[in-house]
Amino acid sequence: MAVSRLTAAVCRQFQRVVTVSSHTQPQCATQAFSRFHLCQRRQTYDSWWFRSSMNNRALHTSCVRKGLEEFFDLPENWGEQTVKSGAPWTAKQLRVKSNEDLHKLWYVLLKEKNMLLTVEQEAKRQRLPMPSPERLKKVERSMKRLDTIVTEREDALRLLQTGQERGRPGEWRRNVFGKTFWYRFKEHPIPWYLNSRYKRRRFFEPSHVAPYTRLSLEKYLRSKMRKDKRQKRNQKRLAAMFPKKTALA
Amino acid sequence: HHIRMISEGSCDTEDWSYDLGNPQLRIFRPTFNLTLVRPGKEQPPDTVQFRIPLEMTKFDVRNYLEKIYSVPVAAVRTRIQYCTNKKRNHLNQRVKRPDYKVAYVQLAQQQTFQFPDIFPEKDQKHEEGSVEEMQEKFMEDERQRQKSDPRRGGVTEWFGL
């Protein structure tokens, strides 16, 4: 089976090995991508990456469970109090990667998150502490950053090609309570004037609600002014306590 | 209608509805997370139990497992577990425990699955000079002190001098 090697080799600090998920269909998603990335030791760990296709996790005796094994950690990590893991992906590191690499990394992160959630749930069930719960936060942050990078690229492409700022069309509307909000369009099979449920949802404010919009605006402005005044007062108090002359001395 | 793929977008606020004649709905970066759980009740050997997000359907679970994990799926059954809204916090406000959906997935090709023991007892070798090692030694000494004199051969201390 052709093992697909990805061009972006990333090093890792810990013992976890990401194996190819199946022998029947080559799935390139899981090949050798780490969710954690260590900048300094990149050169030294490249060779380690190349010998990493170890498939001999022959712990389970029942027949073919290669797929479901990925819901659990490596067998040598079972029962440990802590599992070593590296730093999460930063946006700067992710921006360098190609779309294909990001797509594959997304699935690696997804599988890792599933594994961590499984371990967490089992730990709760057995009433034991989960080993290294910070891994979950790291994975979540990496995924969030990946998502921001992909949306950035999509937005840029769309702006260049069509000039549209948003992928999904919408407009500013005023609801029954007088509040202005961004209404996002939905797809319907029939026009709006035939849609009775849509017509019941009024996008204008009735005349008796109009005075309250002004009152709520006044309330908002008042609270904003109070907040600004409070902050200015605080800064003044601090400046009186710690005058600039003593800072420079 | 059977071919509906994972119909929830990567930004979950999208509503991805399908009308006849539209191209196949696809998402490229699913945000769904599956949690494999140990079954509370005894399940048949080919059944795997998952906790899935409420928005996921049986078709979604099947496609997810087949495409991402390459696990052959024969059947999927789901149910929604309602969790209590009765508990109250220190401010006497009702606190809702979030609901979740459970999927019972039956594997194809006569495969079996047994939920493994993820937290086996491992006898820990503490490093020399660490706090845990000193604690362990102290506890060992305490236990030794509590034991009765072995020279008495199991006779209680009530008798004797």
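Sequence lines set the chain letters: A, B, ... in the order given, protein chains first and strands last, and positions in each chain run from 1.
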Atom [atom1] of [X]: over 12 foreign heavy atoms under 6.0 Å:
{"X": "B/R152", "atom1": "CZ", "answer": "yes"}
{"X": "B/K86", "atom1": "NZ", "answer": "no"}
{"X": "A/Y183", "atom1": "OH", "answer": "yes"}
{"X": "B/R143", "atom1": "CZ", "answer": "yes"}
{"X": "A/R127", "atom1": "CZ", "answer": "no"}
{"X": "A/E134", "atom1": "CD", "answer": "yes"}
{"X": "A/K92", "atom1": "NZ", "answer": "no"}
{"X": "B/E132", "atom1": "CD", "answer": "yes"}

Backbone of A/W78 reached by a side-chain donor or acceptor of B/K122 within 3.5 Å: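 Yes; judged by distance alone, with no hydrogens or angles, the pair exists.
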Reported [atom1]-to-[atom2] distance for the pair [X] and [Y], which is rounded to 0.5 angstrom:
{"X": "B/F113", "Y": "A/E69", "atom1": "CZ", "atom2": "CD", "value": "9.5 Å"}
{"X": "B/R29", "Y": "A/H103", "atom1": "CZ", "atom2": "NE2", "value": "9.0 Å"}
{"X": "B/F32", "Y": "A/L110", "atom1": "CZ", "atom2": "CG", "value": "10.5 Å"}
{"X": "A/T118", "Y": "B/F50", "atom1": "OG1", "atom2": "CZ", "value": "8.0 Å"}
{"X": "A/W106", "Y": "B/F28", "atom1": "CH2", "atom2": "CZ", "value": "14.0 Å"}
{"X": "A/M115", "Y": "B/L34", "atom1": "CE", "atom2": "CG", "value": "14.5 Å"}

Working for side-chain contact (heavy atoms from CB on, under 4.5 Å), residues A/F72 and B/I118: CA-CA 8 Å; A/F72 304 103; B/I118 311 212; 3.2 Å; yes
Region of A/V119 in contact with chain B, defined by heavy-atom distances below 4.5 Å: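 Backbone plus side chain of A/V119, per the 4.5 Å heavy-atom cut-off to chain B.
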Contacting moiety of A/Q126, where chain B heavy atoms sit under 4.5 Å: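 For A/Q126, the side chain is the part near chain B, not the backbone.
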Greatest number of heavy atom pairs closer than 4.5 Å to chain A - which of B/V48, B/N33, B/L65: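 When all of B/V48, B/N33, B/L65 are compared, B/N33 has the most.
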Sole residue of B/T35, B/L36, B/V37 in side-chain contact (heavy atoms from CB on, under 4.5 Å) with A/L117: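 That would be B/T35.
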A/L68 and B/F115, any side-chain heavy atoms less than 4.5 Å apart: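 Side chain of B/F115 against side chain of A/L68, heavy atoms only: no contact under 4.5 Å found.
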B/Y64 side chain reached by A/N114 side chain, heavy atoms, under 4.5 Å: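 Counting from C-beta outward, A/N114 and B/Y64 do come under 4.5 Å.
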